[in-house]
Amino acid sequence: MVCGGVIKLWEGRGCVWTVFNEESKGCFVPVFRGIKEFLRLQRQVFRRLEIAVPTGFEMGHRRALLLGFKVECGFAESYLPSGEDCVLYSLITRKGA
């Protein structure tokens, strides 16, 4: 239904990835809660988490913002291997937070 993880780019910086199937729509709340908990745990390891959301994926943009990510780059042209454009988001954990 949902698969994801974090790719470590270097110490303290990771790139979050997810893949959803159509059935995940039917249980959005528990899936979303699970993702929030996963990110909470990852923030103990990574002070910077990043995601790239294709520009036309409105649901992905809404979810990124609901999870606390902030837009860092509003238009990354030809960002994905497919040539698709993205919006880049980051989630920063400040020291002492």
ask   = Hey, mind stepping through R47 and T93 against side chain to side chain donor-acceptor pair (under 3.5 Å) and telling me if it holds?
value = CA-CA 5 Å; R47 68 183 167 273; T93 301; over 6 Å; no
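The salt bridge (Lys or Arg N to Asp or Glu O under 4.0 Å) contacts involving residues 71-93 comprise R48-E72, where partners must be two or more places apart or lie in separate chains. Identified under the ring pair (Phe, Tyr, Trp, His ring centres under 6.0 Å) test for residues 12-37, with sequence neighbours left out: F28-F32. Residue pairs meeting the side-chain hydrogen bond (donor to acceptor under 3.5 Å, both in side chains) criterion with at least one member in residues 26-37, sequence neighbours excluded, are E37-R40.
Applying the side chain to side chain contact (heavy atoms under 4.5 Å, CB included) criterion to F38, with sequence neighbours excluded, gives V6, Q42.
E50 is not listed as a side-chain neighbour of F69, based on a closest heavy-atom distance of 4.5 Å or more. L49 places a side-chain heavy atom less than 4.5 Å from the side chain of L39.
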Tell me which donor-acceptor pairs under 3.5 Å the side chains of residues 55-67 have, and how far apart each pair is, sequence neighbours excluded?
{"from": "H61", "atom 1": "ND1", "to": "Y89", "atom 2": "OH", "distance (Å)": "2.6"}
{"from": "H61", "atom 1": "NE2", "to": "P54", "atom 2": "O", "distance (Å)": "2.9"}
{"from": "H61", "atom 1": "NE2", "to": "T55", "atom 2": "O", "distance (Å)": "3.2"}

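Residues near I92 contribute nothing to a hydrophobic cluster around it, because no ILVMFWY side-chain heavy atom sits closer than 4.5 Å to its side chain. Through direct or relayed side-chain contacts under 4.5 Å between Ile, Leu, Val, Met, Phe, Trp and Tyr, L80 connects to Y79, L88.
Residue V45 is grouped with residue V16 when hydrophobic side chains (ILVMFWY) are merged at heavy-atom distances under 4.5 angstrom, including chains of intermediate members. Hydrophobic clustering of Ile, Leu, Val, Met, Phe, Trp and Tyr side chains at less than 4.5 Å, counting indirect connections, unites V19 with I7.
What you find for F46 and R13 is that their closest heavy atoms are CD2-C, 3.5 Å.
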